[in-house]
Trainee: 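My questions will all concern the structure given below.
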Amino acid sequence: MRLLVTGGGGFIGTRLVLEALARGHEVRVLDSFRADVHGAVAAFPRAVEVLHGDVRDPEMLDRALRQVDAVSHQAAKVGLGVDFADAPDYVSSNVSATAELLAAMKRAGVARLVLASSMVVYGEGVYTAGPGGPPARPAARRVADLEAGVFDPRDEETGKVLVPGLVEEDTPADPRNVYATTKLAQEHLAANWARETGGVVAALRYHNVYGPGMPRNTPYAGVASLFRSALERGEAPTVFEDGGQRRDFVHVDDVAAANLAALSWTGTCPPGTARPFNVASGHVVTIGEVARILSEAAKGSSPVVTGDFRRGDVRHITASPERARAELGWSALIHPAEGLRGFATAPLRA
C-alpha cells in the first residue's frame, strides 16, 4: 500500500511512518514542520518521500496525493492552547486544512482515510448518580466552584459527587474548548466526504498519547511531556486541581499500531462508511499518579499539587476501547504503569 501521512514529521506521525515502513508499505510524508508544533525536522529513512508543505495548499495536496492508496491525517494544531486568541489558528490548521485535504482526495480518487481525532470531543466523561443510578452528563464546571476547590462534578439536585464511568463511541459529543470543537468538525467533514464520495473513514479518538519523541517545553504538549520536561530541568512537576483527574494514557507505539489496523479496516468496509474508535489503553490512571510515577522513575522531586485550574479542562474522561478490539483487531499492549516508567528517562524532542 502507498500511504500518505500528513503531519508525518510530528510526534505520532513519525512513529507511524516508521511502523508502516517496517510492515512493508510505501510512505510519503506531507508536513509543514511548524516550529511551534515539533521543532526540529525529523530524520526519515531514505525510503520515505518527504514533502515540505502545508495541508491547506491545494497544489501541494494534489502533488502529495498522486498514486496514493490511503491517507493517514495526523496534521493538526493540538492541545488546549494558551488562550482564545489561538482560536483562528486552530480553526485554520485543523478545520480548513481537513476540508482542503478531503477536496483533494476527491480530485485524486483516494477513498481511504484514517483521521486522527481525540477524546476531547466528548467533553466531560459519562457519570452516574451512584452505583446502579441513572446516567448523568454534568454541565461545564463553574469557575466559582473551581476557585473554591470543588473539582468533581456533582448532582445538581442532591449535591452528591457523581461517579465517573467509561465513554463509548456512541456517547454524545460535547466539545468544551476550541481544540475539541475543531476535532469534532474534522470528524463531521470526513463523514460528509464519505457519504458524498463513497469513501471510508476511521476516526481514531486518541486519549492521552505519550512516549519517546514528545516535544518538550511547549504549552501545546500533553501533560506527560510537561511533567517530563520539568523533571529534566530539575524541577518538581506541578499538578493542577487536586491531582484526582482520571485519564487514560496510551503509548505512541500502540497508537501507531492502531492507525495501521484502521488502514486495513478501511480497505474492507462498504463505501460511504465513517466510524469513530476510541484509542485508549483501557486502564484508568489519575494525573497525580502519572506525576508520581514519572518523578519516582526519574529520581526527581516529588510532584507539587497546586490547586490551580484551567478553564475548559474537564474533570474525568476515560474510555472503553472495546470497539477497536472487536472491529479493528487492535488492543493496546503497553500498560501505562510500565510505559510511563520508561518514558521518565526517554528522549524528548527539542
Trainee: Under a single-linkage rule joining Ile, Leu, Val, Met, Phe, Trp and Tyr whose side-chain heavy atoms are separated by less than 4.5 Å, which residues share a cluster with Val143?
Mentor: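 Its cluster mates, by chain and number, are Leu146, Phe151, Phe309.
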Trainee: Using a strict cut-off of less than 4.0 Å between a Lys/Arg side-chain nitrogen and an Asp/Glu carboxylate oxygen, indicate whether Glu327 and Arg275 qualify as a salt bridge.
Mentor: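 Salt bridge between Glu327 and Arg275, a charged N being under 4.0 Å from a carboxylate O: yes.
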Trainee: Any salt bridge between Glu241 and Arg141, counting N to O under 4.0 Å?
Mentor: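 Looking at Arg141 together with Glu241, the answer is yes, because their closest N to O distance falls below 4.0 Å.
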Trainee: Just to verify, what does Glu19 make a salt bridge (charged side-chain N to carboxylate O under 4.0 Å, His left out) with, not counting sequence neighbours?
Mentor: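 Checked Glu19 against salt bridge (charged side-chain N to carboxylate O under 4.0 Å, His left out); matches are Arg15, Arg23.
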Trainee: Quick one, Pro45 and Leu21 - any side-chain contact, counting heavy atoms below 4.5 Å?
Mentor: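 In contact.
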Trainee: For Asp152 and Lys160: C-alpha separation, side-chain torsions, deciding distance, then whether salt bridge (charged side-chain N to carboxylate O under 4.0 Å, His left out) applies.
Mentor: CA-CA 10 Å; Asp152 282 299; Lys160 292 182 178 180; over 6 Å; no
Trainee: Do Gln74 and Ser72 have a side chain donor and acceptor closer than 3.5 Å?
Mentor: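 Present: a donor and an acceptor within the cut-off.
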Trainee: Could you tell me which residues satisfy side-chain contact (heavy atoms from CB on, under 4.5 Å) with Ile293, sequence neighbours excluded, listed by chain and number?
Mentor: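 With sequence neighbours excluded, Ile293 shows a side-chain contact (heavy atoms from CB on, under 4.5 Å) to Leu340, Arg341, given in chain and number order.
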Trainee: According to side-chain contact (heavy atoms from CB on, under 4.5 Å), who are the partners of Asp308, at least two apart in sequence or on a separate chain?
Mentor: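 Asp308 satisfies side-chain contact (heavy atoms from CB on, under 4.5 Å) with Phe240, Thr306 only.
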Trainee: What is the ring orientation for His207 with Tyr122, classed by angle as parallel under 30°, tilted 30 to 60°, or perpendicular over 60°?
Mentor: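 It falls in the tilted class, 30° to 60°.
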Trainee: Please name all residues satisfying side chain to side chain donor-acceptor pair (under 3.5 Å) with Thr14, sequence neighbours left out, ordered by chain then number.
Mentor: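 Listed in chain order: Arg349.
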Trainee: Hey, are Glu187 and Arg205 close enough for a salt bridge, meaning a charged N less than 4.0 Å from a carboxylate O?
Mentor: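 Salt bridge present between Glu187 and Arg205.
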Trainee: Would you please name every residue forming a salt bridge (charged side-chain N to carboxylate O under 4.0 Å, His left out) with Asp174, sequence neighbours left out?
Mentor: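 Partners of Asp174 under the salt bridge (charged side-chain N to carboxylate O under 4.0 Å, His left out) test: Arg176.
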